[in-house]
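In listed order, ligands and their atoms are each counted from 1.
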Amino acid sequence: MSRFLNSSLKGLVPYTPGEQPQNKKYVKLNTNESPFPPSEKALDSIGRCELGDLRLYSDPVCRGVRERLARVLGVETENTVVTNGSDEALNFFFASFCENGVVFNDITYGFYKVFADLYSLDYTEIPLLPDFSVDVDKFIAINKNVVIANPNAPTGLALPLSVIEEIVRSNPENIVLVDEAYIDFGGESAVPLTKKYDNLLVVGTFSKSRSLAGARIGYAVGSKELISDMHAIRYSTNPYNVNRLTLKIAEAVLDDNGYYMNNCRRIIENREYATAELRRRGFSVLDSKANFIFAKSEKIPGEEYYLRLKEKGVLVRHFTNPRICEYNRITIGTKEDMDVLLSATDEIFKELSI
Ligand code: PMP
């Protein structure tokens with residue numbers, strides 16, 4: 001750390017992304033990417049012509065993507081803002097709406113705490129209950145902004161829409177941000193509720209269900225007033241926050257929505273298969289509504305399972321937080337990926353005679 005960094009940032013602990021190995025080839029089940037490539041139409045949307053157009057700035061209004069997104073989500077274009085990954089939508093929110101504090105779960109997406117620290121916010125972490133369910137009562141009429149991932153990460157557990165609505169309704173003077181990064185894998189989206197509540201902001205991403213993690217594109221949906229504020233923040237930081245190629249491919253992705261929703265159905269099937277097979281091998285696996293599962297075995301410490309899988313070429317995500325260090329978060333891939341994971345698990349158990 002240099003002596004020039006602002007003193008308020010001296011203690012900053014940055015977010016640690018999952019490993020992105022560049023040399024060895026792994027069955028990569030550690031960062032919740034889609035195992036499926038973008039659709040043919042999306043792949044064909046970028047050619048020499050689009051590359052040539054890179055000399056021009058991108059559309060600062062992101063009109064083409066926002067119109068299609070609005071159609072897919074059943075809202076108006078004015079209710080949408082497009083961001084550089086959903087992390088940027090979260091960044092805008094924490095940076096610009098949370099001066100009176102913010103509340104989120106203790107075990108959830110790690111970036112919330114990083115943003116809260118980055119902006120020196122007054123924040124409270126509400127412990128998940130021992131079974132990792134959300135302590136919903138603690139969020140009712142809490143009178144602070146709320147950030148809630150639904151389904152939650154890394155647990156995969158989802159709250160019903162009625163509970164989300166209760167949290168939104170009981171905090172009318174504050175914003176409830178619902179992070180729906182994993183909503184397409186079986187949860188109930190709160191997007192329709194944005195028409196009824198002006199204090200609800202729903203954040204989504206193209207990184208998981210829409211196979212565009214590397215393109216960096218996300219979005220937020222909310223009342224026209226809230227979204228207009230988000231645009232003001234966007235224009236005050238980087239008006240060209242999403243690059244031309246990404247806007248182009250994202251339009252094609254939204255034109256091909258059925259392909260992606262069908263992939264989600266396949267991932268859900270593979271999730272149910274992997275859950276059942278791991279349970280058959282004695283693992284505790286939470287009931288996930290996401291494209292990952294959260295699993296532990298009494299037979300092997302979480303870190304050892306992670307390391308031994310890695311040795312065998314299977315990468316999963318291990319967290320060191322003591323409440324969850326016996327677990328691993330395993331991204332759902334293709335059926336073949338899941339079979340590789342299961343065979344590697346069987347080999348590990350055999351080697352250890354457990
Ligand atoms: N929210 C949650 C809950 C996530 O797990 C992730 C993925 N790391 C994100 C948001 C950010 O995803 P992206 O910036 O790729 O849209």
Side-chain angles (χ1 to χ4, degrees), residues 14-20 28-34 38 62 65 69 80-95 102 104-116 118 125 128 132 134 146-159 164 176-187 189-191 201-221 230 234 237-238 241-243 246-247 249-250 253-254 260 267 286 288-294 315-319 321 324 327-332:
Y15 177 69
T16 316
E19 296 161 80
Q20 300 294 350
K28 196 169 173 302
L29 307 177
N30 70 328
T31 46
N32 300 339
E33 291 135 333
S34 175
C62 307
V65 169
L69 187 64
T80 65
V81 59
V82 177
T83 53
N84 192 306
S86 56
D87 282 337
E88 190 182 46
L90 296 171
N91 184 15
F92 290 167
F93 175 75
F94 279 91
V102 57
F104 43 85
N105 285 305
D106 66 337
I107 294 171
T108 188
Y109 183 34
F111 225 137
Y112 305 155
K113 186 171 149 41
V114 174
F115 282 133
L118 178 65
E125 293 173 281
L128 291 183
F132 294 124
V134 175
V146 169
V147 175
I148 200 152
N150 193 41
N152 197 14
T155 63
L157 298 178
L159 287 172
I164 294 287
V176 176
L177 183 153
V178 183
D179 180 347
E180 295 195 345
Y182 302 103
I183 200 65
D184 293 325
F185 304 101
S189 176
V191 164
L201 190 65
V202 177
V203 169
T205 181
F206 286 63
S207 296
K208 322 290 178 182
S209 56
R210 293 192 163 84
S211 303
L212 287 187
R216 310 307 301 129
I217 177 161
Y219 58 87
V221 180
M230 291 287 277
R234 194 172 69 83
T237 48
N238 182 3
N241 60 333
V242 185
N243 74 73
T246 293
L247 288 176
I249 196 168
V253 162
L254 290 167
Y260 298 92
I267 289 168
L286 301 192
S288 172
K289 289 272 190 274
N291 67 339
F292 55 82
I293 47 180
F294 203 46
L315 205 51
V316 300
R317 185 85 193 256
H318 181 255
F319 299 90
N321 173 340
I324 54 172
Y327 284 81
N328 280 289
R329 192 194 67 191
I330 305 169
T331 302
I332 302 300

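Ring geometry for Tyr112 against Tyr109 counts as perpendicular: the plane angle is over 60°, on a 0 to 90° scale with 30° as the lower cut. Between Phe94 and Phe104, the ring planes are perpendicular. Angles over 60° get that label, and only those under 30° would be called parallel.
The 4.0 Å heavy-atom shell around ligand 1 contains residues Gly85, Ser86, Asp87, Tyr109, Asp179, Ala181, Tyr182, Thr205, Ser207, Lys208, Arg216, ordered by chain and number.
Side chain of Asp106 to main chain of Leu128: a donor-acceptor pair is present (N/O by atom type, distance under 3.5 Å, no hydrogens or angles).
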Evaluation steps, side-chain contact (heavy atoms from CB on, under 4.5 Å), between Phe92 and Thr237: CA-CA 9 Å; Phe92 290 167; Thr237 48; 3.6 Å; yes
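Side-chain contact of Tyr15 with Asp87: a donor-acceptor pair under 3.5 Å is absent, judged by distance alone. Side-chain N/O atoms of Thr31 and Lys28 include a donor and acceptor closer than 3.5 Å.
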